[in-house]
There are 2 protein chains.
Amino acid sequence: MPRTVTERADVLPALSEVFREHGFEGASLALIGQRTGLGKGSLYHFFPGGKEEMAAAVLAEIDGWFGQHVFRPLREDDPQRAMPEMIRSVGAYFRSGGRVCLVGVFALGDVRDRFSAAIRSYFAAWIEALAQALVRAGRDDAVARDRAEEAVAAIQGALVLARALDDADAFRRSLARIEARLLA
Amino acid sequence: MPRTVTERADVLPALSEVFREHGFEGASLALIGQRTGLGKGSLYHFFPGGKEEMAAAVLAEIDGWFGQHVFRPLREDDPQRAMPEMIRSVGAYFRSGGRVCLVGVFALGDVRDRFSAAIRSYFAAWIEALAQALVRAGRDDAVARDRAEEAVAAIQGALVLARALDDADAFRRSLARIEARLLA
DNA sequence: GTCTATACAGTGATAGAC
DNA sequence: GTCTATCACTGTATAGAC
């Protein structure tokens with residue numbers, strides 16, 4: 001009984017988790033098949049470009065999610081409300097460090113070159129949006145840009161450290177420090 | 001004409017670079033053979049446990065290097081001198097972000113569980129050593145621990161960001177911020 | 001749209017000649 | 001100590017039946 005998945009987007013969540021947990025090379029088609037519940041035939045039907053297209057689709061979905069839930073509020077909403085909301089939203093998204101940032105993982109690996117445009121634009125957009133919020137909160141342009149870069153880097157570092165120490169509290173402490181520095 | 005490599009340590013630098021650049025799964029034996037200049041036979045002679053033993057040896061070497069050049073000075077030397085020296089030394093070691101932290105890469109990947117002890121002890125030792133320096137510089141214990149954790153996480157984050165943006169200056173700016181916060 | 005069968009290059013690892 | 005030959009297996013990708 002072949003099941004019917006009419007939407008390519010339906011498999012993106014599972015796909016995203018597999019890449020997150022195993023990286024690009026570690027995510028074998030066998031594993032992807034298991035986790036999405038689809039055979040190779042179906043996978044290649046939705047993603048004729050194979051793994052590379054799957055990863056690109058996942059990166060695009062992540063970029064879309066952050067654009068809507070993180071970057072846009074930073075650019076448009078009241079910064080004093082948007083920045084704490086970013087912290088909360090990031091804490092939930094990364095499950096207090098239990099989940100890693102796929103874009104960060106790709107940035108560190110040898111697949112970086114293959115997805116360099118998507119990786120670069122994700123981080124550039126984040127820094128830019130946060131800097132805008134800081135400017136509207138009254139900072140100088142240069143200071144805002146500096147603090148934004150520091151905060152985005154700190155979030156990535158917090159994910160590395162939380163995974164390394166296997167300590168969700170370390171991630172929560174990091175987020176609290178980042179929020180305090182942004183609002184100071 | 002078979003060349004003779006009497007020391008297992010002789011291949012560690014090349015081995016370390018391969019794992020750094022390609023991750024654990026991406027570092028194939030073929031690649032390792034090319035970069036070390038050794039055939040599989042020789043590799044398995046030095047590392048009977050295969051890739052896992054190779055990676056463990058690399059992690060041990062890294063831990064030794066940081067212990068000697070970073071952790072020990074932080075614990076023993078004048079903190080006002082040791083902390084800037086740590087920043088300088090880290091900047092050189094990671095080639096201004098052109099080189100990634102293998103321990104951090106492993107922490108984010110699915111090999112984390114296999115090397116969890118080594119990964120955890122590396123970061124724990126770093127935070128501990130830096131916290132000791134901060135205490136001797138006059139901070140309260142709790143504050144010192146917090147700042148140490150923040151700085152170590154920030155270094156990892158700076159590496160992710162520098163690779164993502166392909167921007168060595170971003171790494172240098174991050175290191176400057178971290179140094180300023182440590183000495184503030 | 002989903003599946004099974006298959007191609008074939010590449011994987012980690014081993015054996016044995018030198 | 002180093003090499004080559006070879007192992008069994010898994011990798012991605014494709015073809016074609018249904």
Side-chain angles (χ1 to χ4, degrees), chain A residues 1-59 61 102 105-106 109-115, chain B residues 1-59 61 102 105-106 109-115:
Chain A
M1 187 195 72
R3 70 195 79 79
T4 298
V5 177
T6 32
E7 296 278 355
R8 182 175 111 146
D10 291 348
V11 302
L12 285 183
L15 213 44
S16 143
E17 287 311 305
V18 179
F19 281 122
R20 230 184 277 277
E21 291 168 22
H22 298 91
F24 185 78
E25 355 257 354
S28 69
L29 285 184
L31 202 54
I32 292 172
Q34 281 176 28
R35 299 281 290 268
T36 58
L38 289 173
K40 297 182 187 179
S42 304
L43 288 171
Y44 275 89
H45 171 72
F46 288 119
F47 306 96
K51 268 176 72 169
E52 178 138 0
E53 190 173 344
M54 297 181 206
V58 167
L59 285 175
E61 197 217 16
L102 181 62
V105 171
F106 277 15
D110 61 351
V111 284
R112 178 192 65 160
D113 296 351
R114 235 188 297 195
F115 302 105
Chain B
M1 185 196 73
R3 69 195 81 79
T4 297
V5 178
T6 31
E7 295 278 355
R8 183 175 108 146
D10 291 346
V11 302
L12 284 182
L15 213 45
S16 142
E17 287 312 306
V18 179
F19 281 122
R20 232 185 276 278
E21 290 168 22
H22 298 91
F24 186 79
E25 355 258 353
S28 69
L29 285 184
L31 202 55
I32 292 172
Q34 281 175 28
R35 300 280 291 269
T36 58
L38 288 173
K40 296 183 188 180
S42 304
L43 287 171
Y44 275 89
H45 171 73
F46 287 119
F47 306 96
K51 269 176 72 171
E52 178 139 359
E53 189 173 343
M54 298 180 206
V58 167
L59 286 175
E61 197 216 16
L102 181 63
V105 171
F106 276 14
D110 60 351
V111 284
R112 179 192 64 159
D113 296 352
R114 235 187 298 194
F115 302 106

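Naming convention: chains lettered A, B, ... in sequence-line order (proteins, then strands); numbering from 1 in each chain. FYI, side chains are in, hydrogens and waters are out, and symmetry mates aren't considered; it's all heavy atoms of this structure.
The separation between B:Glu53 atom CD and C:dG12 atom C1' is 14 Å, rounded to whole Å. Look at CD on A:Glu25: it is 11 Å from P on C:dG12, rounded to the nearest Å. Taking atom CZ on A:Phe47 and atom P on D:dA13, their separation rounds to 13 Å, with Å as the unit. The interatomic distance linking B:Leu29 (CG) with D:dT4 (P) rounds to 15 Å, in whole Å. To the nearest angstrom, P of C:dA13 lies 9 Å from CD of B:Glu52. Following rounding to the nearest Å, A:Leu43 (CG) and D:dA13 (P) show an atom-to-atom distance of 11 Å. Atom OH in A:Tyr44 sits roughly 5 Å away from atom C1' in D:dA13 (whole-Å rounding). Here the P atom of nucleotide D:dG1 and the CG atom of B:Leu38 are 12 Å apart, to the nearest Å.
B:Ser28 comes within 4.0 angstrom of the backbone, heavy atoms only, and of no base. Contact annotation for A:Gly50: backbone-only contact, meaning every heavy-atom pair under 4.0 Å involves sugar-phosphate atoms and none involves a base.
Listed pair A:Lys51 / D:dT12 meets the phosphate criterion, a side-chain N or O lying under 4.0 Å from OP1 or OP2. In this structure, B:His45 reaches the D:dG1 phosphate: one of its side-chain N or O atoms is under 4.0 Å from OP1 or OP2.
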(message) Does A:Arg35 form a salt bridge (Lys or Arg N to Asp or Glu O under 4.0 Å) with A:Glu17? I'd like the steps, not just the answer.
(response) CA-CA 9 Å; A:Arg35 299 281 290 268; A:Glu17 287 311 305; 5.5 Å; no
(request) Given side chain to side chain contact (heavy atoms under 4.5 Å, CB included), test B:Asp110 with A:Glu21 step by step and report yes or no. (result) CA-CA 6 Å; B:Asp110 60 351; A:Glu21 291 168 22; 5.9 Å; no
(request) Under the side chain to side chain contact (heavy atoms under 4.5 Å, CB included) rule, what do A:Glu52 and A:Val111 come out as? Steps first, then yes or no, please. (result) CA-CA 10 Å; A:Glu52 178 138 0; A:Val111 284; over 6 Å; no
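Interatomic distance, A:Ile32 CD1 to A:Leu38 CG, rounded to the nearest 0.5 Å: 11.0 Å. The structure places CE of B:Met54 at 11.0 Å from CZ of B:Phe46, a figure rounded to the nearest 0.5 Å.
Listed by residue number, the members of residues 13-21 of chain B with any heavy atom below 4.0 angstrom from DNA chain C form an empty set.
Residues satisfying the ring pair (Phe, Tyr, Trp, His ring centres under 6.0 Å) criterion with B:Tyr44, sequence neighbours excluded, are absent altogether.
Below 30°, between 30° and 60°, or above 60°: for B:Phe106 and B:Phe115 the angle between ring planes is below 30°, a parallel geometry.
Here the closest non-hydrogen pair linking A:Val18 and A:Ala27 is CG1-CB, 3.7 Å. Taking both residues in full, the closest heavy atoms of B:Leu31 and B:Gly26 are given as CD2-O, 4.1 Å, listed atom of the first, atom of the second, then distance.
Taking every side-chain heavy atom of A:Ser42 into account, C:dT2 is the closest of C:dT2, C:dT14, D:dT2. Among C:dT2, D:dT14, D:dG11, the nucleotide with an atom closest to any side-chain atom of A:Ala30 is D:dG11. Out of D:dT2, D:dA13, C:dG12, the shortest distance to the side chain of A:Lys40 is found at D:dA13.
For the pair B:Lys40 (side chain) and B:Leu29 (backbone), a donor-acceptor distance under 3.5 Å is absent.
For the helix from C:dG1-D:dC18 to C:dC18-D:dG1, the terminal axes (five pairs an end, C1' atoms, rotation from four pairs onto the next four) enclose an angle of 0°, given to 10 degrees.
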